[in-house]
*Asks:* 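Can you keep this structure in mind? I'll have questions shortly.
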Amino acid sequence: MVHRHAVTGRRVALTALGALVATGITAAVAAEPTPAAGPLPSAAQTLGADRPSAPVLRALERDLGLTPDQASRRLVNEEAAGTRAGRLRNALGDRFAGAWLRGTTSQELMVATTDAADVPAIKAQGAKAAVVKKTLRDLQSAKQKLDTAAARISTRETPLWYVDIPANRVVVEAGSNAAAAAFVKAAGLDGKSVSVKVTTNRPRLMEDITGGDAYYIIDGTAHCSVGFSVTKGEQEGFASAGHCGKPGAKTTGHNQAEQGTFQASTFPGKDMSWVAVNDQWTATPNVKGEGGQNVQVTGSVQALVGAAVCRSGSTTGWHCGKVEQHDTSVSYAEGRVDGLTQTTVCAEPGDSGGPYVSGVQAQGVTSGGSGDCKTGGTTFYQPINPLLSEFGLTLKTVEAEPPAPQDNVAQAWAAGRVYEAGVTVTHAGVRYQCLQTHQAQGLWAPTSTPALWQRV
């Protein structure tokens, strides 16, 4: 049973623990062509990082210790780095071992490969190369074995595991070495390839239409935070966390006025939901930023590990930090959730469901974490793109157009669909490969958005 944040202040304690795992290495395949030469398209001009809002900049300055100029340049550099990383991912193929950003004020793009022969191609794209032993596919395979084992055994003493791309390993944080060893053994992984991180951190659910506003479940036991405005056909609503409410549950808004009904909710396994609102509420592309000023989202391009990310919540307001890991599994007391993103942003009960943004790109909705906004902590969010895809929703953005009919040919590009990095589509008779995971919008067609699509 999900324990939502009680109005009286009742909180739920959860556990989070860990270990590192990896599988054997496959032989490197023959080298593929170097990415096409030529000037890199300006992702900033295309996707909006060159037009950041004042609340985003102020929070980055405060939480990451940046000057106004450093904060502005960081956002532009991060979006351009995402395009470079996508190009290299496609070019390296199975040898690709991940990409991340390093540094605080001067972001450096790191790209890992299992073949030293790829180093010149990586440097040619303005990135620094790291030659490692395990491909990203190897790491994901190892984590999948842990996911499978977690479906059979209790993970109460080993509730946190993820792929650590910069370290080229799979990590499971644990309360003890013995608990980590038992989990790894149950997954059928080699104990010699496992490195264990013992910690006492215990993530809990952050529970207690502008993104970040409070909303209340009518039974009076809990409140959460609005994530992002969405639409499904003509119906408007918002995305939030799955543990906040079950299908059919009624909600009221921050002003206690009747608001809507949970249409779908998944928890555990995933932590996603969406609420359809009545005609008294209007979906907007806004997220509540610093001092109540609005930040407008323009899309949902997934940020790299190391990128800056900010969160809005009804308990603690607006805070920023960095993306630490994607595809993290967390075993809360109420059940396991896979596919979360781990961050250094603080949060507290009542912030659950609230939005995370990177620059002007929607990233996800708050799930849980440990610590608080006085001493700091770790938080996890449910990525927004899987949520949109799962429930057939369209993110409300500044320039969004209605999605194309979904009966198109499977390989044809269509607005409204979520595309993963590496996927190939056709558009206007030409084949393109996706560079960065995102939900497609009418103004982001492959022919006009080289920041997201590469002609092949």
Side-chain angles (χ1 to χ4, degrees), residues 2-7 9-12 55 59 203-230 237-246 249-257 259-262 265 267 271-277 281 283-297 309-321 337 340-341 343 345-357 362-369 371-373 377 379-384 387 393 395-396:
V2 175
H3 298 274
R4 298 167 297 178
H5 177 53
V7 175
R10 177 173 54 84
R11 300 186 181 184
V12 179
R204 65 190 186 281
L205 298 175
M206 299 297 181
E207 46 203 342
D208 211 26
I209 275 189
T210 296
D213 273 347
Y215 71 93
Y216 302 85
I217 289 72
I218 286 183
D219 61 17
T221 62
H223 85 272
C224 280
S225 299
V226 172
F228 297 97
S229 290
V230 296
F238 62 85
S240 192
H243 71 264
C244 289
K246 297 180 179 180
K250 303 291 185 181
T251 69
T252 58
H254 62 89
N255 55 1
Q256 299 295 331
Q259 181 187 64
T261 305
F262 279 89
S265 179
F267 179 84
D271 197 1
M272 55 176 68
S273 67
W274 84 280
V275 174
V277 298
W281 297 81
T284 73
N286 298 334
V287 167
K288 183 181 290 184
E290 187 74 15
Q293 295 188 47
N294 288 331
V295 173
Q296 294 190 313
V297 297
V309 67
C310 300
R311 175 198 57 74
S312 183
S314 59
T315 299
T316 59
W318 184 252
H319 290 274
C320 298
V337 180
L340 300 180
T341 294
T343 80
V345 186
C346 72
E348 296 179 8
D351 289 329
S352 267
Y356 281 75
V357 297
Q363 297 300 311
V365 296
T366 304
S367 175
D372 56 40
C373 287
T379 55
F380 308 95
Y381 65 75
Q382 164 67 58
I384 189 65
L387 186 156
L393 304 172
L395 181 68
K396 184 72 174 180

*Asks:* Would you name the heavy atoms of Gly227 and Phe238 that are closest together and state the gap between them?
*Replies:* N-CD1, 4.4 Å

*Asks:* Give the minimum heavy-atom separation between Lys288 and Asn294, together with the two atoms involved.
*Replies:* CA-OD1, 4.2 Å

*Asks:* Rounded to the nearest 0.5 Å, how far apart are CD1 of Ile209 and CG of Asn286?
*Replies:* 11.0 Å

*Asks:* Looking at side-chain heavy atoms only, is the closest gap between Phe267 and Ser273 below 4.5 Å?
*Replies:* no

*Asks:* Classify the ring geometry between Trp281 and His254 as parallel (under 30°), tilted (30 to 60°) or perpendicular (over 60°).
*Replies:* perpendicular

*Asks:* Side chains of Glu290 and Val295, heavy atoms from C-beta outward: is any pair under 4.5 Å?
*Replies:* no

*Asks:* What's the spacing between Gln296 CD and Thr210 OG1 if we round to 0.5 Å?
*Replies:* 10.0 Å

*Asks:* Taking only residues two or more places apart in sequence or in another chain, which ones pass side-chain hydrogen bond (donor to acceptor under 3.5 Å, both in side chains) with Thr251?
*Replies:* Gln259

*Asks:* Under a 3.5 Å distance rule, please check whether Trp318 uses its side chain to pair with a backbone N or O of Ala59 as donor and acceptor.
*Replies:* no

*Asks:* Just wondering, do Tyr381 and Val365 contact through their side chains at under 4.5 Å, heavy atoms?
*Replies:* no

*Asks:* Would you check if the side chain of Thr341 reaches a backbone N or O of Pro383 as a donor-acceptor pair within less than 3.5 Å?
*Replies:* no

*Asks:* Supply the atom-to-atom distance Gln256 CD to Tyr216 OH, rounded to the nearest 0.5 angstrom.
*Replies:* 5.5 Å

*Asks:* Sequence neighbours excluded, which residues qualify as side-chain hydrogen bond (donor to acceptor under 3.5 Å, both in side chains) partners of Ser312?
*Replies:* none

*Asks:* Within the distance-only criterion (no hydrogens, no angle test), does the side chain of Ser314 pair as donor or acceptor with the backbone N or O of Gly350 below 3.5 angstrom?
*Replies:* yes

*Asks:* Taking all non-hydrogen atoms of both residues, which atom of Asp372 and which atom of Glu348 are closest, and how far apart?
*Replies:* CB-OE2, 3.3 Å

*Asks:* Within the distance-only criterion (no hydrogens, no angle test), does the side chain of Ser367 pair as donor or acceptor with the backbone N or O of Gln382 below 3.5 angstrom?
*Replies:* no

*Asks:* What are the two closest non-hydrogen atoms of Leu387 and Ala239, and how far apart are they?
*Replies:* CD2-CB, 3.7 Å

*Asks:* Does Ile218 reach the side chain of Thr252, with side-chain heavy atoms less than 4.5 Å apart?
*Replies:* yes

*Asks:* Ignoring hydrogens and geometry, is there a side-chain-to-backbone donor-acceptor pair from Thr315 to Pro349 under 3.5 Å?
*Replies:* yes

*Asks:* About how many Å separate OH of Tyr356 and OG1 of Thr379, when rounded to the nearest 0.5 Å?
*Replies:* 2.5 Å

*Asks:* Work out which heavy atom in Gln363 is nearest to a heavy atom in Val309; give both atom names and the distance.
*Replies:* CG-CG2, 4.2 Å

*Asks:* Looking only at atom types and distance, does a side-chain atom of Ser240 sit under 3.5 Å from a main-chain N or O of Ser225, one as donor and one as acceptor?
*Replies:* yes

*Asks:* Has Asp351 got a side-chain atom pairing as donor or acceptor with Thr316's backbone, closer than 3.5 angstrom?
*Replies:* yes

*Asks:* Which heavy atom of Gly245 sits nearest a heavy atom of Ser265, and at what distance?
*Replies:* O-OG, 2.6 Å

